[in-house]
Asker: 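Quick one: this structure, given as structure tokens, is what I'll be asking you about.
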There are 2 protein chains.
Amino acid sequence: MTLANFNTSSPIAEKERPDKSNARGIVVSLKKSGFVKCRECSVRPFCIASKTNDKGMQAFNEISNHPAPTQKGDYFYHQGDTFTSLYRVRSGAVKSYHIDKNGQEHIIGFHLPGELFGTDGMANGQHQNFAQALDTSTVCEMNYEQLGSLLKKSPDLQQKMFQILSAECIQKIEPLLFLHHRPVEERLVTFIADISSRYQSRGLSPKRFILPMSRRDIAHHLGTTEETISRLFSRIQRMGILLVEKRTIIIKDMEKLQASSMAL
Amino acid sequence: MTLANFNTSSPIAEKERPDKSNARGIVVSLKKSGFVKCRECSVRPFCIASKTNDKGMQAFNEISNHPAPTQKGDYFYHQGDTFTSLYRVRSGAVKSYHIDKNGQEHIIGFHLPGELFGTDGMANGQHQNFAQALDTSTVCEMNYEQLGSLLKKSPDLQQKMFQILSAECIQKIEPLLFLHHRPVEERLVTFIADISSRYQSRGLSPKRFILPMSRRDIAHHLGTTEETISRLFSRIQRMGILLVEKRTIIIKDMEKLQASSMAL
DNA sequence: CGGGGGATTGATAACTTTCAAACTAGGTGG
DNA sequence: CCACCTAGTTTGAAAGTTATCAATCCCCCG
């Protein structure tokens with residue numbers, strides 16, 4: 001089987017009339033296929049599985065699934081899908097977005113390597129958002145039901161999972177709430193500073209990186225328009241804080257960046 | 001003991017230099033004091049304790065504490081406090097707000113009777129926000145450590161708690177994220193519609209209620225200023241959707257209200 | 001009656017969106 | 001191989017929204 005058929009639909013076309021057959025079909029058909037699992041995982045140091053012992057890791061291994069790489073534009077799940085699994089990004093990048101009743105797209109967040117996503121389905125068993133690959137991406141998929149059974153057996157692990165999930169939900173989302181109380185320039189600076197620190201915490205360069213998302217995605221995430229984002233990148237560059245070349249960002253003055261960014 | 005000494009500090013004074021001695025002092029001294037507990041609780045139908053059997057309720061009763069009423073302006077906890085408990089509002093109203101490194105106040109949310117608060121401390125053991133009574137309020141305080149022990153013993157309860165908490169975290173907070181992507185008038189209309197439905201779900205009138213919070217609180221919650229809120233209330237009233245008399249809201253045209261409000 | 005916080009209203013300034021146009025880089029087909 | 005096409009991005013000008021500063025009003029309470 002070739003991967004050629006992954007490319008037949010553009011991200012936009014996918015977005016307008018989401019069709020999960022390609023992305024999900026692969027996920028399902030490659031279950032337990034023999035791809036690398038927990039022990040060899042590239043993001044292992046950032047995974048809950050690493051917070052347990054060998055036996056625990058073995059258990060995680062059982063419920064985890066490393067499906068084949070997903071192509072840019074493919075979906076991990078759709079808004080309204082039945083919630084079955086939590087995911088962790090191993091490589092690439094994923095965006096979560098919601099389409100409201102007026103057809104407006106709202107970007108909930110971006111998931112970089114090592115980060116968790118899929119929690120939007122935990123509340124009522126249905127995913128509230130779409131999760132779409134921004135790039136060729138690989139993930140780890142953990143079955144939630146099996147995860148539940150696993151946690152029932154280990155109170156300690158359960159406690160840790162509680163912690164991790166509440167951190168995901170609260171520490172990551174609540175600060176975003178009041179991002180929107182500030183002018184857009186500050187939001188953008190904060191966004192860049194946040195991406196930078198997330199790359200750094202994964203051992204990548206905090207001063208030079210490539211944004212996996214479009215200007216439009218950034219705009220929708222920050223609650224503004226792509227034109228405004230573009231203008232502000234220009235302005236921030238003129239101020240000598242960043243060097244912006246399309247999606248490549250080089251931070252020239254990290255101190256000024258952090259000083260202008262919001263308290264998170 | 002009288003309650004007179006509760007009134008010595010105004011909400012503002014409390015806010016500027018928070019002093020928890022009165023509110024928390026009472027909480028501690030009345031622990032296990034004989035106030036009504038789960039079985040007689042007014043918000044029992046909305047509490048997790050009601051989702052279990054008599055024995056489970058007994059267990060909840062053990063870890064729950066119904067402290068004396070808290071006066072307007074008093075704090076349940078402060079930003080930075082060690083996290084010990086989750087709370088549920090029994091009567092009155094509570095606001096959660098965060099002060100960022102620039103001294104700016106951000107209102108995370110308002111908690112009405114039956115609603116949970118305190119989850120902002122779960123992530124790292126420290127409260128991220130202040131929780132302050134907007135009015136004379138009574139709460140139910142559940143010790144988190146004891147709750148954890150309780151959950152360890154009952155996988156089913158654990159599952160339910162997971163559910164409830166993720167619903168709190170995700171269903172309530174994520175939608176707020178994209179509220180801020182819309183003009184302020186829409187945010188305000190949505191805010192009123194939300195309060196209305198929350199009162200309704202607690203068996204109170206959805207068409208006529210009194211807002212427990214000030215214009216400034218609403219403004220800070222919606223990411224705007226009190227002047228703008230005031231102007232918009234006037235405009236929405238001129239449109240015949242609401243009748244606004246200070247903090248009393250009467251919804252004249254519920255359909256128009258919901259049509260103008262955002263998809264949540 | 002006077003003080004004071006909360007709320008409202010007005011005028012102006014600042015910011016952001018909208019509509020339009022042009023530019024860029026990568027991919028396509030002749 | 002080049003012209004063309006397209007999505008993504010940038011820039012400009014005008015319109016719209018919101019913040020800011022300032023003044024006034026209102027009502028509760030001492």
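Within every chain, numbering begins at 1; the chains are lettered A, B, ... in the order of the sequence lines, protein sequences first and strands thereafter.
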Asker: Any residue in residues 226-252 of chain B with a heavy atom nearer than 4.0 angstrom to DNA chain D? Just list them by number, or reply none.
Answerer: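 Within this stretch, B:Glu227, B:Thr228, B:Arg231 sit under 4.0 Å of the strand.
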Asker: In whole Å, what is the span from the CZ atom of A:Arg216 to the P atom of D:dT6?
Answerer: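 Rounded to the whole Å, the gap is 17 Å.
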Asker: Using OP1 and OP2 only, check whether a side-chain N or O of A:Ser214 sits under 4.0 Å from D:dG8.
Answerer: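 So the side chain of A:Ser214 is outside the cut-off, no N or O lying under 4.0 Å from OP1 or OP2 of D:dG8.
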Asker: Return the value, rounded to whole Å, for the distance between atom CZ of A:Arg182 and atom C1' of D:dT20.
Answerer: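 Taking atom C1' of D:dT20 as the reference, CZ of A:Arg182 is at 14 Å.
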Asker: Using whole Å, report how far CZ of B:Arg187 lies from C1' of D:dA19.
Answerer: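 Going from B:Arg187 (CZ) to D:dA19 (C1'), I get 13 Å.
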Asker: Go through D:dT18, D:dT9, C:dT17 for me and flag the one nearest to the A:Arg215 side chain.
Answerer: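 Nucleotide nearest to A:Arg215's side chain: D:dT9.
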Asker: Once side-chain hydrogen bond (donor to acceptor under 3.5 Å, both in side chains) is applied, do any residues pair with B:Ser230, and if so which ones, sequence neighbours excluded?
Answerer: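 Testing B:Ser230 for side-chain hydrogen bond (donor to acceptor under 3.5 Å, both in side chains), a comparison that skips the adjacent residues, returns none.
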Asker: What residues form a side-chain hydrogen bond (donor to acceptor under 3.5 Å, both in side chains) with B:Thr138, not counting sequence neighbours?
Answerer: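 side-chain hydrogen bond (donor to acceptor under 3.5 Å, both in side chains) list for B:Thr138, sorted by chain: B:Ser91.
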Asker: Under 3.5 Å, is there a donor-acceptor pair linking the side chains of B:Asp81 and B:Tyr75?
Answerer: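 Short answer, no.
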Asker: B:Ile210 has an atom CD1; how far is it from atom C1' of D:dC28, in whole Å?
Answerer: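 The answer, rounded to whole Å, is 15 Å.
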Asker: In whole Å, I'd like the distance from the NZ atom of B:Lys72 to the C1' atom of C:dG6.
Answerer: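 Atom-to-atom, B:Lys72 to C:dG6, this comes out as 10 Å.
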Asker: List the residues meeting side-chain hydrogen bond (donor to acceptor under 3.5 Å, both in side chains) with A:Arg215, not counting sequence neighbours, and say none if there are none.
Answerer: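 Expected list: none.
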Asker: Of all residues at least two apart in sequence or in a different chain, which pass the side-chain hydrogen bond (donor to acceptor under 3.5 Å, both in side chains) check with A:Ser260?
Answerer: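 Counting only residues at least two positions away or on another chain, A:Ser260 forms no side-chain hydrogen bond (donor to acceptor under 3.5 Å, both in side chains).
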Asker: Enumerate, atom names and distances included, each donor-acceptor pair closer than 3.5 Å involving a side-chain atom of residues 241-248 of chain B, sequence neighbours excluded.
Answerer:
unit_1	atom_1	unit_2	atom_2	d
B:Arg247	NH1	B:Pro212	O	3.4

Asker: So, is A:Thr224 near the phosphate of C:dT17, with a side-chain N or O under 4.0 Å from OP1 or OP2?
Answerer: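 Yes.
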